[in-house]
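Some notes on the structure that comes next.
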Amino acid sequence: MPLITYRKALNEAFSEELTRDDSVFLMGEEVAEYNGAYKVTEGLWERFGSKRVIDTPISEAAFLGLGVGAAMMGLRPVVELMFWSFAYVGFDQIINNAGCVRYMSGGLINVPMVIRGPANGGTSVGATHSHTPENLIANTPGLKVVCPATPYDAKGLMIASIRDNDTVCFMENTLLYGNTGEVPEGSYTIPLGVADIKRLGTDISFIAYGRAVLTALEAAEILQAEHGISAEVIDLRSIRPLDEETLLTSVAKTHRVLLIDENKPFCGVSAQIAAMIAEKAFDELDAPILRVTALDAPAIYSMPLEKLQLPTPERIISKALTLF
Amino acid sequence: MPLITYRKALNEAFSEELTRDDSVFLMGEEVAEYNGAYKVTEGLWERFGSKRVIDTPISEAAFLGLGVGAAMMGLRPVVELMFWSFAYVGFDQIINNAGCVRYMSGGLINVPMVIRGPANGGTSVGATHSHTPENLIANTPGLKVVCPATPYDAKGLMIASIRDNDTVCFMENTLLYGNTGEVPEGSYTIPLGVADIKRLGTDISFIAYGRAVLTALEAAEILQAEHGISAEVIDLRSIRPLDEETLLTSVAKTHRVLLIDENKPFCGVSAQIAAMIAEKAFDELDAPILRVTALDAPAIYSMPLEKLQLPTPERIISKALTLF
Amino acid sequence: MITTTPDSKEVAQAPINLAFTSEQKIAALREMLRIRRFEQQALKFYNQGKMGGFLHLYIGQESVAVAAASLMNGHDEMITAYRDHGHALAVGMSMEECMAELFGKATGCSKGKGGSMHFFAPDKHYWGGHGIVAGQVPLGLGLAFALKYKQIPGCALCFLGDGAVNQGVVAESLNLASLWDLPIVFIIENNGYSMGTSLERSSAIDNCLAERAAGFNMKWSVVNGSHFYELRATLHTSMEEARTTLRPVLLEIKTYRYYGHSIADANHKKYRTAEEIEQYKENHDPISCWQHQLLEEKILTESMLESIDGAAKEEAAASVIFAEASPWPEPESIFTDIYYEVDQASEAGRTGVHFFSDSR
Amino acid sequence: MITTTPDSKEVAQAPINLAFTSEQKIAALREMLRIRRFEQQALKFYNQGKMGGFLHLYIGQESVAVAAASLMNGHDEMITAYRDHGHALAVGMSMEECMAELFGKATGCSKGKGGSMHFFAPDKHYWGGHGIVAGQVPLGLGLAFALKYKQIPGCALCFLGDGAVNQGVVAESLNLASLWDLPIVFIIENNGYSMGTSLERSSAIDNCLAERAAGFNMKWSVVNGSHFYELRATLHTSMEEARTTLRPVLLEIKTYRYYGHSIADANHKKYRTAEEIEQYKENHDPISCWQHQLLEEKILTESMLESIDGAAKEEAAASVIFAEASPWPEPESIFTDIYYEVDQASEAGRTGVHFFSDSR
Ligand SMILES: Cc1ncc(C[n+]2csc(CCOP(=O)(O)OP(=O)(O)O)c2C)c(N)n1
Ligand SMILES: Cc1ncc(C[n+]2csc(CCOP(=O)(O)OP(=O)(O)O)c2C)c(N)n1
Ligand SMILES: [Mg+2]
Ligand SMILES: [Mg+2]
């Protein structure tokens, strides 16, 4: 299998789907002629033209709403937010229109749209540009949320998201765009709602998604080598729908859980998973449920300090050790 | 003590603070000449005039941002959202400007603003008008969130919020506006971050806030009368800051927890509290941590069905019974 | 305030009005009456506590939706805000499904899930019914975008209120529509108030709201909503412009609502005078004006009018009977119509957990 | 593109320019040079990897911030977007605190917490530095509101880019400013591009962006940013208008940026030609134009220029040394400057849990 970047994997997903289905189009700030602020859409405007790959003014609310309207009519918009942080100027369109119109119409309407872009801290772009709204969005029944960690997952989940008939909020990561991995050529899908066990283990379950999966894997290796503790690393891949079964199975095996995410802690995704486990697997637990999240402060600019804000292998390991 | 409504209690808080401090002003859609869509600001425009009580066009983003700017300059805006649901068109101003500007300026700025209005389901106004964003807002370090359940709490917390030097997002409830309770005349404050034990009990801790407190109290009475189970009912009052100590003390006493909120479940406030307890009071627990939340669907219009969506005493009791 | 001059002769002679057959003219009157009688019934039963939430009546504005619907070509798409009963009936939704929706019944157009603010009929090119002020405007843009994308020779009709114009997303949408040549007619129903706030207190304008379009290089005009011929002529020209040149247009229709903002609005005689309301009813009522016109044209007789109105009243009354007799939605339906894939029980819908509370 | 006609004689004779002393004129030149030299140093060390995130250079636009700052009366308040170094230096922030901020150091103006996009100096009436496009615009409205509320005889200067104009909140703010008579001057720095998108591709306009103000009953005008006298005269008139009549004004300043949108923008010679950039540098560079003017007026000599520029370069170089020598913020500082009450250790700050992660 070719070794390609996360960025390229997404790019392939778009070109597959643009080719396969005329109703798919890409839209967003600088996605076309500029090739995307992070080059995720590189070459697509040249190849598919201005009808299918569309640059927008800086009007997120309007073009997100446009996407919803076009999707109601049966098109399949893939709308880029240059950063998911900018979703907040169009939040109403996402929550109320994409999220509620199906229900309020008694099922007469569906909104087959993908809203995508990076959602991550860690790049010194400051508090307003480093939001991770997966928890805020996944709070809304009607919306789906996907956070891929690897190039392989990114491509397969993106194709599945574009083909999904509901709105999928797809959260990428600028720190992952350059990562490489093996990715099949051509089309394949990874179903939403299926977690992936990225590392088998027996002593503790690390539950993570997005970039935190890689941090968790790193921590797991060290834990094995230095402490002889075998951590299972589960990648949620999709936040909503959520693969609770895989999580519960792992907990039933390891009896110890550490949740790792780059979300802010208060009502973050790991809070939801912790609550779920405390309800559904309580009797399996041999220790408290612990979490390693982004430090609970706005994203700081200063480079060395921002590194401390996101989960690190060290923080994971020291937390994990308290459970034994 | 006079028996007054929750609505009137808030109204008194405003008139106390408008009188006490010239830098306080109220602003929002229909708050002045119309007396407020829910009459919470009744009489204030007449009494304090157009400089202090200000009607706005339907431009939430702009007048929320205006509030932030004015607060940076030392004024103390109390900005009404006719419904908290409408916050989503001004979400960026709340999260990025009110929430982050202090941090990004290295502490040169603070934003002493109150953003207030009702945030509740249960009145058949449909999915887009029934949001409860306390979890979404409290996710942001830099913002505070308050959800009073009683007239007494509403007044004391509102005065404290107006005097607070950070942005407080104050969430009321149209279903509570007409409720009455004893409220002292004149000025008093209830500190943010102090939960209130609304009912003492020994067998199980019910943790709730806002209207769910009243539902929990109802359920507790029935549980006592019909099942001889003594439930302690704790009202968080403020979501952020959070009084973890009172919660943990209660759990250490009862060893059983049921969380009740009208928030949507996925990453809702009760998820955060459950996660906190599963971490910090794990060894005190004799049973799984359970939650009773709004049903996980958009708010439905149909009157009898919407009643089923919010926590009911029946749902609370049947969940509670599974813990014994 | 709008002027009292009657619909001009000229405009009645516009080709689109000449092509308007007597039958169609009567049909337009019938639609307006149906809307009014429907809403009067709704009001009655709302006041009896049979409905929840808000009830925003369209009474006084009926000409606007009816004129627009009378011009839809089978490819055009319509979308509006929460004051949506008139548009719904005008595009052909039945009184029964609409009334049942108000009653929160399973037979309602949205199965009782949407209520008054959320009527939809995609099969009739009607996309709601939206409760967040101006939230529907970029959706309208999306309808126009899809028409152009699919090369369908229609336009989008996107209604909004005078208060809605001050939501930022409207300006964004005007810019996009003009920049991208989208076939859309934005229709401001300027009834003078947004809740209790008069236009002067909500909007800084030079002469009129519609003029803001000029800053976006977009055509605009202002129309008297009581003048049915004028309305139709201007709407027609604008819709044709949108359909054929793909250039958007912004129209401002001067109209008026007789009731409060919603029925819960107990203040509505405080922020405007009783005389103002009476004056409008007397001189500008769109139904009276159109009736008068048709009587003058001798297309309509008093007895025809009576029977049309009688039929509308009966239909409205029957819709209440239908609604009352209809069942409530099943509690299980709380969890349907959220995710398409779940509803279809497709593989995507069956994979992973989609809902995170107990099901009851 | 802007015209090449030089600053007119007339405008140089405007009272505000006649009152502009030779010293002040030289000071204005010095400010522009300081900004340019500061940013050239910043660029150099950004490229060496000493800074994180984005670096949006103001080079090419210096006249705008400097002209505006030269007119501030001690009561006026300024706010801008993320391209904020020029404004910061123009209002009197030191190169050291600004450079240290870019380096992410504790001695930075925001203690290393804000970075390039977030410079603030409330004591100098400077309210940032904001990263969300147009997010600062309603804050500017709030500054003007507070001035009026407190009856302070100043105005707010609210800067935004040409791309920012299409954010809805800008239209909302124009409406509010005009409706409520707020003393604010909105200043569009139209450098022709928002990232890689030219004005034509982002904005549907009739003649210019500023004209959109007309729809809000607001005065507007368009100014050539290379003409310092014209800039000052128009800004002065607008600011006086705002201060004395409380009427807002919208100005559009034609200007240009030499570098990419940010330094990460590797594309910036793709969406515009090298000739376009050169043409501007040759004929419109605001520093050259002003230098030329002052040389002609014989206020400036070549040797003075050399020494001013030399001093600016030295100051910039020294600021780098200061920044490099400064300490990183302490890890503990991650949790300060979030809540005022916590920072003060007030009773409110000590009550309840404010933070929900481990502290490290
Ligand atoms: C974003 C938002 N803000 C406020 C409201 C509350 N609200 C509903 S209708 C309305 C007035 C709208 O007036 P207008 O646009 O003139 O329409 P009309 O009611 O006159 O038809 C307001 C303030 C809302 N639904 N959404
Ligand atoms: C809401 C939002 N959308 C998009 C961006 C990304 N972005 C930052 S600057 C910019 C271009 C702005 O151009 P303009 O307003 O002309 O200002 P200039 O950069 O030319 O000074 C874009 C798209 C952002 N920061 N915020
Ligand atoms: Mg209106
Ligand atoms: Mg620009």
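Nothing here was measured: the structure is a model prediction, and the numbers come from that model. Convention: sequence-line order gives letters A, B, ...; per-chain numbering from 1.
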Looking only at Ala271(A), Ala37(A), Pro57(A), the option with the highest number of non-hydrogen pairs under 4.5 Å against chain D is Pro57(A)
Shortest non-hydrogen separation from [X] to [Y] and the atoms involved:
{"X": "Ser59(A)", "Y": "Asn166(D)", "result": "OG-O, 2.8 Å"}
{"X": "Ile338(D)", "Y": "Ala297(A)", "result": "CD1-CB, 3.5 Å"}
{"X": "Thr128(A)", "Y": "Gly131(D)", "result": "OG1-CA, 4.2 Å"}
{"X": "Asp296(A)", "Y": "His354(D)", "result": "OD2-O, 4.2 Å"}
{"X": "Leu308(A)", "Y": "Pro331(D)", "result": "CD1-CB, 3.9 Å"}

[X] versus chain D, the contacting section by heavy-atom distance below 4.5 Å:
{"X": "Lys264(A)", "value": "neither"}
{"X": "Phe63(A)", "value": "neither"}
{"X": "Phe86(A)", "value": "side chain"}
{"X": "Ala32(A)", "value": "neither"}
{"X": "Tyr88(A)", "value": "neither"}
{"X": "Lys39(A)", "value": "side chain"}
{"X": "Val89(A)", "value": "side chain"}

Contact between [X] and [Y] at the side-chain level, heavy atoms closer than 4.5 Å - yes or no?
{"X": "Phe54(D)", "Y": "His129(A)", "answer": "yes"}
{"X": "Tyr34(A)", "Y": "Asp265(D)", "answer": "yes"}
{"X": "Ser202(D)", "Y": "Ile58(A)", "answer": "no"}

We want to know whether Thr197(D) and Glu30(A) form a side-chain donor-acceptor pair, criterion being a heavy-atom distance below 3.5 angstrom. yes
Side chain from CB out, backbone as N, CA, C, O: work out which of these in [X] comes under 4.5 Å of a heavy atom of chain A, or both, or neither.
{"X": "Met195(D)", "answer": "both"}
{"X": "Ile132(D)", "answer": "both"}
{"X": "Asp337(D)", "answer": "neither"}
{"X": "Lys113(D)", "answer": "both"}

Quick one: of [options], who has the most non-hydrogen atom pairs under 4.5 Å with chain A?
{"options": "Trp328(D), Tyr271(D), Tyr82(D)", "answer": "Trp328(D)"}
{"options": "Gly196(D), Ser110(D), Ser333(D)", "answer": "Gly196(D)"}
{"options": "Leu102(D), Thr336(D), Val165(D)", "answer": "Leu102(D)"}

Is there a side-chain contact (heavy atoms from CB on, under 4.5 Å) between Glu60(A) and Gln167(D) once you walk through the steps? CA-CA 8 Å; Glu60(A) 284 85 357; Gln167(D) 276 287 22; 2.9 Å; yes
Expected output: side-chain Tyr301(A) to main-chain Gly52(D) donor-acceptor under 3.5 Å: yes
Any chance you could measure [X], atom [atom1], to [Y], atom [atom2], to the nearest 0.5 Å?
{"X": "Ser198(D)", "Y": "Glu33(A)", "atom1": "OG", "atom2": "CD", "result": "8.0 Å"}
{"X": "Lys270(D)", "Y": "Asn35(A)", "atom1": "NZ", "atom2": "CG", "result": "6.5 Å"}
{"X": "Ile334(D)", "Y": "Ser302(A)", "atom1": "CD1", "atom2": "OG", "result": "9.0 Å"}

Does the pair Asp55(A)/Arg201(D) count as a salt bridge with the N-to-O cut at 4.0 Å? yes
Is it the case that more than 12 heavy atoms not belonging to Lys50(D) sit under 6.0 Å from its NZ atom? no
Counting only heavy atoms not in Gln344(D), do more than 12 sit closer than 6.0 Å to its CD atom? yes
Test log, rule side-chain contact (heavy atoms from CB on, under 4.5 Å), inputs Phe356(D) and Thr293(A): CA-CA 9 Å; Phe356(D) 297 87; Thr293(A) 67; over 6 Å; no
